[in-house]
Amino acid sequence: MSLKIATWNINSVRLRIESVVRLLDHHKPDVLCLQETKCPDDLFPEKAIKAAGYEYIEKSGQKGYHGVAIVARVPLEKASIKRFCGKEDCRHIQATAKGVEIHNFYVPAGGDEPDPEINEKFAHKIQFLEEMASWFKNAKQKTTAKRVVVGDLNVAPLEHDVWSHKQLLKVVSHTPQEVELFDKVLASHKWIDVPRLFTPEEEKLFSWWSYRSKDWQASNRGRRLDHIWASPAMDGMAKSVTTFTDARSWEKPSDHAPVIAEFKL
DNA sequence: ATGGCCGCCCTAGGCGGA
C-alpha cells in the first residue's frame, strides 16, 4: 500500500480553489494538507473539492487569518485538533489515513524582530515550538506508530534551506534560536526530515519565495519553510519527494509551493 | 537585507505574513 501526501500553504483557499483542484487533478495525492486557508468552516469550498474526487474533508478555520484543512480521496479517521499557547487560532489538525496519523501544522510566523522580550509574535512562535516538542515527547507508541507531520513550520533550519545563510542569520525563520528549537521538536519524536533524504544538505532546497521579488525564479531568494516529517516506524518507507515549483508560477499564485511525498507503507 | 507584494476585513488603510 502507498500513501501520497501533499502539503501546501495556499494563502486563501477560496481565492485559490481553482489552483487546489488543479493540484489535485495533476498529482492525485491521497491526502492534501492546506495551511492559511483564511476561511471559516461554513464557507470552506467543499463542493469543488468533492467534485474533484476528494470526499473526505477535515478543517479548522476562522475568519481572515490562519486556518488548516486536510482533504483526502481516502477515508479520514479520528480527526481532531489541538490548541497551542492557549489560543484558538486554528494552527493544527490531525487525521488518520491508511493507518498513518497525519498532523497538519501552521506554526506562527513570528513577526520581524527575533527577540521574545520585545516581540510578542516571536515569543508566541517560541512557545508554540516548545509546546510541540513537549507534546511529541509525551506521545505514546513513538517507535511503532506510523505518523507524519506536515505543514508550514515557518523555520528554515539548514544552511541551504535559505538563499543566504549569512544574510538570514538575524532574520526570523532562520535564527539560531529558532533552528535550535526546530531541532528540539525533531528530536522529541525522532522525526525524519523526509525531503532531505532525497536532496543532500549541501544543495539548496526551498518551498517559499516572497511575493516581493519581481522575478522569483531569477532572484531565487527562497526558503524551505514547508516540511514533511515521518516517524521512526516509517523509516525506509519514503519513496520520493517533489517540490512542485510549477505552482509558484501559476496565475495568482500562493507564495508557497506544494511539497509532495510518496510512501510505501 | 529590505520590502518593489499580497490577502484579509463591517471597502480602505491597517494588519499579518516571512
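Chain identifiers are assigned alphabetically (A, B, ...) following the order of the sequence lines, protein sequences preceding nucleic acid strands; residue numbering begins at 1 within each chain.
- Atom NZ of A:K137 has 12 or fewer heavy atoms from other residues, nucleotides or ligands within 6.0 Å.
- On the P atoms, B:dG14 is 29 Å away from B:dA1, given to the nearest whole Å.
- The residue A:R91 sits close only to the backbone: its heavy atoms come under 4.0 Å of sugar-phosphate atoms, none of a base.
- Going from atom CZ of A:R248 over to atom P of B:dC5 covers 13 Å, rounded to whole Å.
- For A:A109, the listed nucleotide lying nearest its side chain is B:dA18; candidates were B:dG7, B:dA18, B:dG16.
- A cation-pi arrangement is absent between A:K87 and A:F84, since the terminal nitrogen or guanidinium carbon is not both under 6.0 Å from the aromatic centre and inside a 45° cone about the axis.
- Distance noted for atom C1' between B:dT2 and B:dG17: 15 Å (whole Å).
- In this structure, A:D89 reaches neither bases nor backbone, as no heavy-atom distance under 4.0 Å exists between it and the strands shown.
- By the 4.5 Å heavy-atom criterion applied to side chains, A:W229 and A:F105 are not counted as neighbours.
- To the nearest angstrom, C1' of B:dG16 lies 13 Å from CD of A:E120.
- Atoms CD1 (A:I10) and C1' (B:dC8) sit 15 Å apart, rounded to a whole Å.
- The A:K63 side chain lies nearest to B:dC10 when the options are B:dC10, B:dA18, B:dG17.
- Map A:P253 and A:D152 each onto its nearest nucleotide of DNA chain B; the residue landing nearer the 5' end is A:P253.
- If you check every strand for non-hydrogen atoms under 4.0 Å, A:N9 touches sugar and phosphate atoms only.
- Using C1' as the reference atom, B:dA18 and B:dG4 are 16 Å apart when rounded to the nearest Å.
- Protein atom CG of A:N119 is 14 Å distant from nucleotide atom C1' of B:dC15, rounded to whole Å.
- At least one side-chain nitrogen or oxygen of A:K121 sits closer than 4.0 Å to the OP1 or OP2 atom of B:dG16.
- Taking the nucleotide of DNA chain B with the nearest heavy atom to each of A:S173 and A:S12, the more 5' of the two is matched to A:S12.
- Among the heavy atoms of the strands, none lies under 4.0 Å from A:F122.
- Summarising the local packing, CD of A:E88 is surrounded by 12 or fewer heavy atoms from other residues, nucleotides or ligands at distances under 6.0 Å.
- For the C1' atoms, the distance linking B:dC6 with B:dA12 amounts to 15 Å, nearest Å.
- Ring geometry, A:W250 versus A:W8: the interplanar angle exceeds 60°, so the pair is classed perpendicular (tilted spans 30 to 60°).
- Rounded to whole Å, the distance from NE2 on A:H174 to C1' on B:dA18 is 14 Å.
- Side-chain contact between A:T243 and A:F206 is absent, with no heavy atoms from C-beta onward closer than 4.5 Å.
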N/O-N/O pairs, protein side and nucleotides 1-4 of chain B side, under 3.5 Å:
{"unit_1": "B:dA1", "atom_1": "O5'", "unit_2": "A:Q167", "atom_2": "O", "d": "3.3"}
{"unit_1": "B:dA1", "atom_1": "N7", "unit_2": "A:R221", "atom_2": "NH1", "d": "3.2"}
{"unit_1": "B:dA1", "atom_1": "N6", "unit_2": "A:R221", "atom_2": "NH1", "d": "2.3"}
{"unit_1": "B:dA1", "atom_1": "N6", "unit_2": "A:R221", "atom_2": "NH2", "d": "3.2"}
{"unit_1": "B:dG3", "atom_1": "N9", "unit_2": "A:R212", "atom_2": "NH1", "d": "2.6"}
{"unit_1": "B:dG4", "atom_1": "N2", "unit_2": "A:K214", "atom_2": "NZ", "d": "3.1"}

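- With contacts defined as side-chain heavy-atom distances shorter than 4.5 Å, the pair A:V31/A:Y54 does not qualify.
- Taking atom CD on A:Q62 and atom P on B:dC8, their separation rounds to 14 Å, with Å as the unit.
- In terms of phosphate contacts, A:K38 brings no side-chain nitrogen or oxygen within less than 4.0 Å of OP1 or OP2 of B:dG16.
- Rounded to whole Å, atom P of B:dG17 lies 12 Å from atom CZ of A:F128.
- The 12-atom threshold is not exceeded at NZ of A:K190, counting heavy atoms of other residues, nucleotides or ligands nearer than 6.0 Å.
- Proximity of A:R14 to the phosphate of B:dC9: a side-chain N or O atom is located under 4.0 Å from OP1 or OP2.
- Here, B:dG3 and B:dC8 have their P atoms 25 Å apart, quoted to the whole Å.
- Between B:dC6 and A:N11, no contact under 4.0 Å exists linking OP1 or OP2 to a side-chain N or O.
- Taking atom CD1 on A:I17 and atom C1' on B:dG7, their separation rounds to 16 Å, with Å as the unit.
- Residue A:H256 places at least one side-chain N or O closer than 4.0 Å to OP1 or OP2 of B:dA18.
- In this structure, the side chains of A:Q177 and A:P114 stay at 4.5 Å or more apart for every pair of heavy atoms.
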